[in-house]
Asks: 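Sharing a structure, written as structure tokens. Questions coming.
Scope of the values below: all heavy atoms of this structure, side chains included, with no hydrogens, waters or symmetry mates. Residue numbers run from 1 in the order of the sequence given.
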Amino acid sequence: MSNPDELLVALSTAVESEESNQMSLTVVVGGAVITGRLAPEAVWRERVAEVLKDSDRLGPFSDVFARRPGGNRSGRDEAPTHLHFHLARILQGSLGIPATGGMYRVAIKDVSAWTVGDLIHFDR
């Protein structure tokens with residue numbers, strides 16, 4: 001979307017202000033379907049930093065995520081520009097990748113479609 005959806009921006013703003021990670025969302029970005037729960041950016045960064053810190057090869061990168069975001073967002077006066085998913089999966093056919101859920105950051109302007117809720121695939 002060249003102009004981000006106002007409802008999606010408002011939803012992301014609410015997640016940021018409430019510091020909640022209970023909002024489930026499914027988005028379409030570049031033809032990929034991503035489904036999971038939104039987290040405030042600070043919480044998302046903290047969790048990614050924790051995962052990286054435990055890795056022998058990727059540990060040095062944890063500091064990049066542990067730092068506060070740059071720019072003017074410190075006062076939270078600007079609208080969020082990204083969605084921060086955790087416990088998220090990219091849906092591919094009958095699979096959710098990764099099966100256990102991952103951490104994804106998606107630019108709101110790139111979302112072409114979305115719905116409230118987490119899509120779950122059942123193979124019968």
Asks: Taking the side chain as every heavy atom from C-beta outward, state whether L83 and V27 have any atom pair closer than 4.5 Å.
Replies: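 Of all side-chain heavy-atom pairs linking V27 with L83, at least one is under 4.5 Å.
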
Asks: My understanding is that a hydrophobic cluster links ILVMFWY residues whose side chain heavy atoms are under 4.5 Å apart, including indirect links. Using that, what else belongs to the cluster containing F61?
Replies: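 Via sub-4.5 Å side-chain contacts, F61 links to W44, V48, L52, L58, V64, F65, M103.
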
Asks: For Y104 and P98, which heavy atoms make the closest approach, and how far apart are they?
Replies: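 So the two residues come closest at OH-CD, 3.2 Å.
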
Asks: Find out if a path of hydrophobic residues (ILVMFWY) with successive side-chain heavy-atom gaps under 4.5 Å connects V29 to L8.
Replies: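 The answer is yes; both residues are in one hydrophobic cluster.
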
Asks: Please report the interatomic distance OG1(T35) to CG(L87), rounded to the nearest 0.5 Å.
Replies: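 The distance works out to 11.0 Å.
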
Asks: Do D5 and V111 come within less than 4.5 Å of each other through their side chains, counting heavy atoms only?
Replies: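 Heavy-atom side-chain distance check fails, nothing below 4.5 Å.
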
Asks: Sequence neighbours excluded, which residues qualify as side-chain contact (heavy atoms from CB on, under 4.5 Å) partners of T13?
Replies: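 side-chain contact (heavy atoms from CB on, under 4.5 Å) list for T13, sorted by chain: V9, P80.
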
Asks: Can you list the steps and then say if R89 with V33 is a side-chain contact (heavy atoms from CB on, under 4.5 Å)?
Replies: CA-CA 8 Å; R89 295 170 320 282; V33 177; over 6 Å; no

Asks: Hey, does the side chain of T115 reach the backbone of T26 with a donor-acceptor pair shorter than 3.5 angstrom?
Replies: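 Checking the backbone N and O of T26 against the side chain of T115, no donor-acceptor pair under 3.5 Å is found.
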
Asks: List in chain and number order the residues that pass salt bridge (charged side-chain N to carboxylate O under 4.0 Å, His left out) with R105, two or more places apart in sequence or in another chain; answer none if no residue qualifies.
Replies: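 Testing R105 for salt bridge (charged side-chain N to carboxylate O under 4.0 Å, His left out), a comparison that skips the adjacent residues, returns E41.
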
Asks: Among all residues two or more places apart in sequence or in another chain, which pass the side-chain contact (heavy atoms from CB on, under 4.5 Å) test with V15?
Replies: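 So V15 forms a side-chain contact (heavy atoms from CB on, under 4.5 Å) with M23, L38, P40.
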
Asks: Are R45 and H84 packed together at the side-chain level, in the sense that at least one heavy-atom pair is separated by less than 4.5 angstrom?
Replies: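 The answer is no; the side chains never approach within 4.5 Å.
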
Asks: Using the test side-chain contact (heavy atoms from CB on, under 4.5 Å), find all partners of A32 that sit at least two apart in sequence or belong to another chain.
Replies: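 If we apply the side-chain contact (heavy atoms from CB on, under 4.5 Å) test to A32, skipping adjacent residues, the hits are I90.
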
Asks: Enumerate the side-chain hydrogen bond (donor to acceptor under 3.5 Å, both in side chains) contacts for residues 50-60, please, sequence neighbours excluded, ordered by first and then second residue.
Replies: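 Sorted pair list comes back empty.
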
Asks: Taking C-beta and beyond as the side chain, do I108 and T81 meet within less than 4.5 Å on heavy atoms?
Replies: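 No, side chains not in contact.
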
Asks: Would you say W114 and L25 make side-chain contact, with heavy atoms under 4.5 Å?
Replies: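 They are in side-chain contact.
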
